[in-house]
Protein chains: 2
Amino acid sequence: MATIYEVSEAAGVSLATVSRVMNGNTKVSDRTRKKVETAMAELGYQPNAIAQSLASNRTNSVGLLVSELHGSYFGDLMSTVEQALKQYGKHVIITAGHVDEKREHDAIEFLKSRRCDALILHAEAVSDEYLTTLCKSDLPVVVINRKVDGLDDHCFVVDNEKGGYLAAQAAIQQGHKEIGYISGPKFKKDASDRLAGHRRALTEAGIEAKDDHIFEGDFHESSGQEGMHYLKQHFPDITALICANDEMASGAMTAAREAGLEIPQHLSIVGFDNVLFSRYLYPKLTTINNPIQSLGEMAARWVLKNVYDTKINHAIEHLFVPEVVERHSLSKR
Amino acid sequence: MATIYEVSEAAGVSLATVSRVMNGNTKVSDRTRKKVETAMAELGYQPNAIAQSLASNRTNSVGLLVSELHGSYFGDLMSTVEQALKQYGKHVIITAGHVDEKREHDAIEFLKSRRCDALILHAEAVSDEYLTTLCKSDLPVVVINRKVDGLDDHCFVVDNEKGGYLAAQAAIQQGHKEIGYISGPKFKKDASDRLAGHRRALTEAGIEAKDDHIFEGDFHESSGQEGMHYLKQHFPDITALICANDEMASGAMTAAREAGLEIPQHLSIVGFDNVLFSRYLYPKLTTINNPIQSLGEMAARWVLKNVYDTKINHAIEHLFVPEVVERHSLSKR
DNA sequence: ACACTCTTTGTAAGCGCTTACATTTCAGTG
DNA sequence: CACTGAAATGTAAGCGCTTACAAAGAGTGT
């Protein structure tokens with residue numbers, strides 16, 4: 001593999017000149033530039049990004065931490081972030097934390113050791129303190145889908161409480177009064193926020209928010225099934241079921257159908273997230289749009305603006321508001 | 001950020017010694033090791049992976065090219081590869097090629113410039129020649145889901161022809177005789193292989209393989225819908241529909257339902273790939289399992305074995321055989 | 001006490017670039 | 001034609017590591 005040195009020899013110029021035509025930040029006469037470019041082409045020269053990074057202390061890569069590499073939610077996120085950065089010649093290095101404190105921590109340390117220019121974190125398991133320390137260091141960091149006190153301009157979040165509120169409100173507006181809820185793990189901030197919104201909507205509508213109508217799931221499909229079984233068995237008069245994410249809604253749908261319930265005739269179901277497959281479901285799932293792509297794009301923009309001094313027209317927003325996506329799984333009582 | 005030099009000072013040893021305790025490949029006395037480790041801990045030292053790579057000419061990272069970062073198929077692939085490599089302390093750098101020759105090419109060049117130790121490519125758009133050249137270079141390369149002549153031990157593939165055959169056979173065994181087919185883009189090898197298998201099954205069963213029963217889609221959901229419309233309109237007597245992937249099967253299901261057809265009572269549908277969401281569909285999709293995860297895992301093993309000299313017990317297989325996953329969308333005619 | 005071997009540690013060159021600073025080139029001027 | 005200063009190019013230090021090689025220590029046997 002040719003090095004810059006060989007190029008400089010072939011072109012009959014110094015190393016520095018070759019470096020200059022590569023980076024284009026210093027004036028080089030047209031004649032020399034031509035010579036260098038020819039030499040590069042002839043040798044099939046390809047700069048060694050590692051050496052460039054070491055010398056310039058800039059890697060042109062942004063670390064992205066997600067919880068999983070599969071699943072619609074993270075797929076959408078990765079895709080958006082990658083697209084946004086690629087436009088400006090920046091690359092993402094993706095790692096998965098698997099919602100485990102140690103693994104998230106390791107993944108972040110890995111990204112740091114690779115000397116990413118910035119970090120975009122969808123971190124669910126590490127502590128607020130750790131994130132705070134990280135943000136205070138000189139490595140630029142943004143946090144997605146999690147609000148950490150004191151780090152507001154580093155956080156990009158969805159108003160989960162409002163989302164929970166909207167879902168419940170949608171059901172109430174259709175005349176439902178006996179409403180079941182399958183929540184995410186309550187220790188997760190987004191799960192508890194959604195639930196809080198749900199409760200608020202019920203209360204405002206004068207409906208008692210009964211604790212035993214709430215089943216705590218784990219955001220996975222199977223717990224949606226479990227939740228459905230539980231609720232159907234104990235509270236057969238429930239006419240609407242709200243799930244804290246689409247995966248669980250899908251599980252609940254399956255379980256409901258197996259129990260002989262038609263959706264939405266016998267039971268209305270509302271999801272949350274609006275992941276891609278929610279429209280593959282039958283009936284198509286009424287859900288709350290979680291603008292994860294907007295979050296990702298905004299986070300990428302923040303990095304471009306604050307780290308790479310790219311001129312970005314759009315303003316940087318930190319709070320995103322979810323909305324109802326009306327499809328076919330919710331109907332009048 | 002502390003450097004190795006500062007650690008060596010703090011520990012009162014030379015640079016080389018610090019490097020040795022980090023890499024653990026040379027004997028260092030226990031006493032010195034302790035001193036160094038203490039100094040590292042005190043300084044919160046974190047090796048600079050970039051500098052390590054430059055000096056050692058090894059990055060401990062494997063480049064992975066996929067077509068998209070979202071979607072179940074690639075999600076599963078990325079996830080498996082990452083898991084397999086992480087176990088041995090190796091990392092993946094993921095890039096997307098978007099099934100576009102230039103973008104795939106650029107992505108591969110990017111991975112090369114990052115000096116990955118090996119490349120795992122799910123490349124659909126670049127030419128066979130390019131891949132051949134790549135494999136002949138000294139950078140280890142494996143190709144997933146594509147067979148290139150002369151590169152057999154670098155390729156990991158699914159027997160798509162067999163898969164196509166099995167799907168058709170499954171429908172035939174249920175008594176279907178009028179069978180529609182929604183294919184992928186015929187210029188894609190996997191799409192044409194699947195179709196070839198389909199034809200063979202029909203022929204063997206003494207059913208005429210009518211060309212106009214075949215609709216060429218693009219592997220996306222919408223073209224499944226289009227295909228369904230086309231077939232339903234022109235050949236209303238079709239009782240089974242086979243789709244070259246699950247996305248299109250999903251689209252076809254929606255379109256069928258909108259046209260008032262019950263699945264599988266009025267129309268049986270078979271998919272291909274067995275991506276995660278195929279079991280979220282209603283009715284759950286009968287499909288052909290595409291062992292993409294096995295491919296990914298095997299590719300990772302190949303790299304571990306051939307590049308990192310890891311001792312791997314399992315033999316390396318290059319051809320994977322698909323099988324029918326019986327669910328609820330295919331029934332007796 | 002000495003020569004000899006085996007271990008442990010240090011020295012210094014280099015990996016392939018970037019960039020501050022020094023030097024050369026050359027058009028423009030009086 | 002010598003002189004000036006801006007533009008173009010070159011020189012060399014250094015980014016933070018690894019590793020071949022050299023040197024020093026620690027045992028051994030006589």
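Here is how names work: the chains are called A, B, and so on, in the same order as the sequence lines, proteins then strands, and each is numbered from 1.
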Ignoring backbone atoms, test whether A:Gln52 places a side-chain nitrogen or oxygen under 4.0 Å from the OP1 or OP2 oxygen of C:dT18.
-> yes
Reported CD-to-CG distance for the pair B:Glu104 and B:Leu131, which is rounded to 0.5 angstrom | 8.0 Å
Donor-acceptor pair present, B:Arg20 side chain and C:dG10 base, under 3.5 Å | yes
Where the side chain of B:Thr32 is defined as all heavy atoms beyond and including C-beta, which of D:dA8, C:dT8, D:dT19 is the nearest nucleotide?
-> C:dT8
Atom CZ of A:Arg114 and atom P of D:dC17: how far apart are they, to the nearest Å?
-> 13 Å
To the nearest 0.5 Å, what is the distance between OG1 (A:Thr59) and CG (A:Leu54)?
-> 11.5 Å
Here the gap from A:Gln52 atom CD to B:Ile50 atom CD1, rounded to the nearest 0.5 Å, amounts to 11.0 Å
Find the distance B:Gln46:CD to D:dC17:P and express it as a whole number of Å.
-> 10 Å
Rounded interatomic separation in angstrom, taking CG from B:Asn25 and C1' from D:dT19 | 9 Å
Check the side chains of A:Gln46 and B:Ser113 for a donor-acceptor pair under 3.5 angstrom, ignoring hydrogens and angles.
-> no
A:Asn60 side chain reached by A:Arg58 side chain, heavy atoms, under 4.5 Å | yes
Would you indicate what A:Thr17 reaches in the nucleic acid, counting non-hydrogen atoms under 4.0 angstrom: base, sugar-phosphate, or nothing?
-> sugar-phosphate
Between D:dC17, D:dT9, C:dC17, which one does the side chain of B:Met22 approach most closely?
-> D:dC17
Less than 4.5 Å apart, any side-chain heavy atom of B:Asp190 and any of B:Phe219?
-> yes
Taken to the nearest whole Å, CZ/B:Arg31 to C1'/C:dT9 is 12 Å
Touch check for B:Ser19, heavy atoms < 4.0 angstrom, all strands: base, sugar-phosphate only, or nothing?
-> base
Among the nucleotides D:dG16, D:dA8, D:dT9, which one has an atom lying closest to any side-chain atom of B:Ala51?
-> D:dG16
Sequence neighbours excluded, every pair satisfying ring pair (Phe, Tyr, Trp, His ring centres under 6.0 Å) that has a member inside residues 116-137 of chain B | B:Tyr73-B:His122, B:Phe74-B:His122, B:His105-B:Tyr130
Atom pair NZ/CG of A:Lys112 and A:Leu139 - distance to nearest 0.5 Å = 7.5 Å
Pairwise distance NE2(A:His154) to CG(A:Leu121) - rounded to 0.5 angstrom = 11.5 Å
A:Leu54 side-chain proximity, nearest of C:dT11, D:dC15, D:dT18 | D:dC15
Rounded to whole Å, CG of B:Asn23 lies from C1' of D:dG16 at a distance of 13 Å
Atom-to-atom span, CG of B:Asn48 to P of C:dC15 - whole angstrom | 18 Å
Residues touching DNA chain C, which here means a heavy atom under 4.0 Å, drawn from residues 1-15 of chain B = B:Val13, B:Ser14
Reckon B:Asn57 touches a base, only the sugar-phosphate, or nothing at all at heavy-atom distances under 4.0 Å?
-> nothing
Contacts of B:Val28 and B:Ala55 projected onto DNA chain C by closest heavy atom; the upstream (5') one is B:Val28
Got a salt bridge between A:Glu124 and A:Lys188, using NZ or NE/NH1/NH2 to carboxylate O under 4.0 Å?
-> yes
Rounded to whole Å, the CZ-P distance (B:Arg58 to D:dG16) equals 24 Å
First of B:Ser56 and B:Ser29 reached from the 5' end of DNA chain C, by closest nucleotide = B:Ser29
What is the distance from NZ of A:Lys27 to P of C:dC26, rounded to the nearest Å?
-> 18 Å
Using rotation axes that map the C1' atoms of four end pairs onto the next four (five pairs an end), what angle separates the end axes of the helix from C:dA1-D:dT30 to C:dG30-D:dC1, to 10°?
-> 50°
